[in-house]
Amino acid sequence: MRKDELLLPQIRQENRKQLLRLGLAGALTGNIMILTIPIYAGVEGLFKDFFLWLHFALFLPLIFYSAIPFYRGAWNSLKVQSLSVDLPITLALWTGFIFSTVNLVRGFDEVYFDSTASFIFLILVTRYFVHRIQQIANNQRALSTFIPPQTFQKLEVNGSWSELSSDKILPGDWLLVHQDQTIPADGVLNSPVAEIDASLFSGESLPQIYHAGTAVFAGTKLISKSASFQVTKINNSTALGEILTELAKEALKKNTFVQLTDRLSQGLIAAVLLVACGYFLLNYQVNFQEAFHRSLALIIVACPCAMAFGTPLAFALGLRKARSKGLLIKNAAVFEKMRNIKTVFLDKTGTVTRGQLHLVKTYPPEISAEHRALILNLEAQSQHPLAFAFRRAWPENHGSINFEELKEIPGVGMQGQINSSLWTLETSGGQESSGFVGVSLKQNNQAIAYFYFADEVQPESKHVIEELQRRYEIYLLSGDRKSIVSETAKVCGISDDRFFAETSPHLKRDIVAAHPNSLMVGDGVNDILAFRSASVSVAVRSSQLQNQNWAHVICLREGINPLLDLVNISDQTYRTLVANLTFAIFYNAVAGFLALAGFINPLIAAILMPISSLCILGITMRGIR
Amino acid sequence: MSVLYLMVPMSLALGFGFFAAFYWAVRQGQFDDVETPALRILEDSPQERKLHGKKHSQI
């Protein structure tokens, strides 16, 4: 993906325009600042007029070009009959401008072009910064971080190979991918065998053996020498792209905290404007100049800029940090919900355990090559863990067999017909207390071989569960047999009354629903219902794709370790939000009072206000590092 | 003091010159993406890619 494609053209144009506005404001403000020195140094007469009129000339582009976004924002908010921070900013700007111009013409001393210019510049700086951080947090670039720019070879119609860069791939292309390259699009494997690291999707830490005809996904990595595949879906319609698009869409939907700060800042703007107008009306007959100064200072200094952008900034930074830790969070509301979590439900298989089955023993001990080929071909299309376990057990190529009717029977296994034989690969109850997963191969419903698989607990699960137990009640939820779940619970340090075995997806949902404010961590399709009744749901790395669509949080790192990061980042974000809000309210109250009391004149107010915004920026950046 | 009538326009011209350079750079898209170009060095160079391509297409 080239850099031009990282952002939509109109967004890019808008960014450039904003940067120009900011750059112009910076250049002019700097010049005004320098040219103001002679005035403060005390020049008189002709030179003073010269410098002041120079200020005026330099100020014009600022107010007529750089400050346009404020007018637009103010107008837009008025159109929908609400108040935004742009309104007091616009008001302060123009009051300052007109006031200074009038004084300049009349030859009075109070000319504030310098402070008004720095006011515009500093607010533009904070705005631009916040804006870019939010853009980076939500934008589609994510896809390119998973798929680096590469060149592939494309099979042309005439049979020759041509070079093709990854951004020019179209559905239907036949591509040759080399070792270690990231597969750039969804497609169907054409080479007989390929070894692919699909850990992004299936979570399997070891590369998987894929056979011809299996679907391969963008973002997975080819481990074997080279392989060809036909592209079916590209860019945002790939499985990975869809998830990322959904993430971007939902990331900054308004949540209660954003709404709270919105309401607060609107209330504050209304209050500030009312108080300023009221104060002016009550006092202008006493001392017009002083009343005007104080109300103007109040409007400038108490403009709730800091409050208005502190919250979205904190959320954007929280999301960005989460992403850098390998957590994709769909909605920033997750940070808030995390505060209330009391109970954590962990799915066993694939979450606490590796979820990676390996063949432990078979009956009969030796399986003939013919039966191996049968099983591998039955499972060839399947992305089921057992299918991978079989491929792992017998990685060599066994040739292909065409079944007349090959179908997956959910919950049972695979079934296919050759000539008169009906072959079934069936997950059986197996040996009840052994803790193994049993699979049987049946010919015309007659079992001819048994396979036993086992799953092991992730190495870090115990530690993570111990950490989490300090704050939450941990339950283990599993569809597995009681003997296996009990064993896992013991290994992880979960007491006997804290696990549920042999739970159906519906039962899982009911258990989770019975505990309000619960966090559900899972991987399989059987957790989807539970996900929907939990207040926060986390899909661990090994999750099946459809599951990731339902979860609030998707982990890109192995195991349940990311849970600790999720808890930490949520805490940090929340603390930062509270700190921001406290600072903003405190600042507004104190500065507002001082302005009315006459301790802050408009000149200082115009400096203080942007500085308060920079403070919020600092608090937020420091809070969420 | 009247040297100011020369110096001030000169300083303004200098400032304007820098702004013009900045304007040009923004229009060129120099600031569109300040992160990924740093990673470009990690990509294969065109010759290397060709080498790899030949090696593998013979397989």
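Residue numbers start from 1 in every chain, and the chains themselves are labelled A, B, ... in the order their sequence lines are given, proteins ahead of strands. For clarity, every value in this text was computed on a predicted model and none was experimentally measured.
Counting non-hydrogen atoms of neighbouring residues, nucleotides and ligands closer than 6.0 angstrom, the OH atom of A:Y65 exceeds 12 such neighbours. When the shell of 6.0 Å around NZ of A:K48 is examined, it contains more than 12 heavy atoms from other residues, nucleotides or ligands. By the 6.0 Å contact criterion, OH on A:Y128 is enclosed, its count of non-hydrogen atoms from other residues, nucleotides or ligands being greater than 12.
For B:Y5, the part sitting under 4.5 Å from any heavy atom of chain A is the side chain, from C-beta outward, and nothing else. With a 4.5 Å cut-off on non-hydrogen atoms, A:L28 does not touch chain B at all. Only the side chain of A:F47 comes within contact range of chain B, judged by heavy atoms closer than 4.5 Å. In this structure, no portion of A:L155 lies under 4.5 Å from any heavy atom of chain B.
Ranked by heavy-atom pairs under 4.5 Å with chain B, the list A:L58, A:L35, A:I34, A:L24 is led by A:L24.
For the atom pair CG of B:L4 and CZ of A:F51, the computed distance is 4.5 Å after rounding to the nearest 0.5 Å.
For the pair B:F19 and A:G23, the tightest heavy-atom approach, listed with the atom from each and the gap, is CE1-C, 3.8 Å. In terms of heavy atoms, A:R16 sits closest to B:R27 at NH1-O, 3.2 Å.
Put simply, the side chain of B:F22 reaches to within 4.5 Å of the side chain of A:L20, judged on heavy atoms. At a threshold of 4.5 Å between non-hydrogen side-chain atoms, the residues B:F31 and A:N15 do not count as touching.
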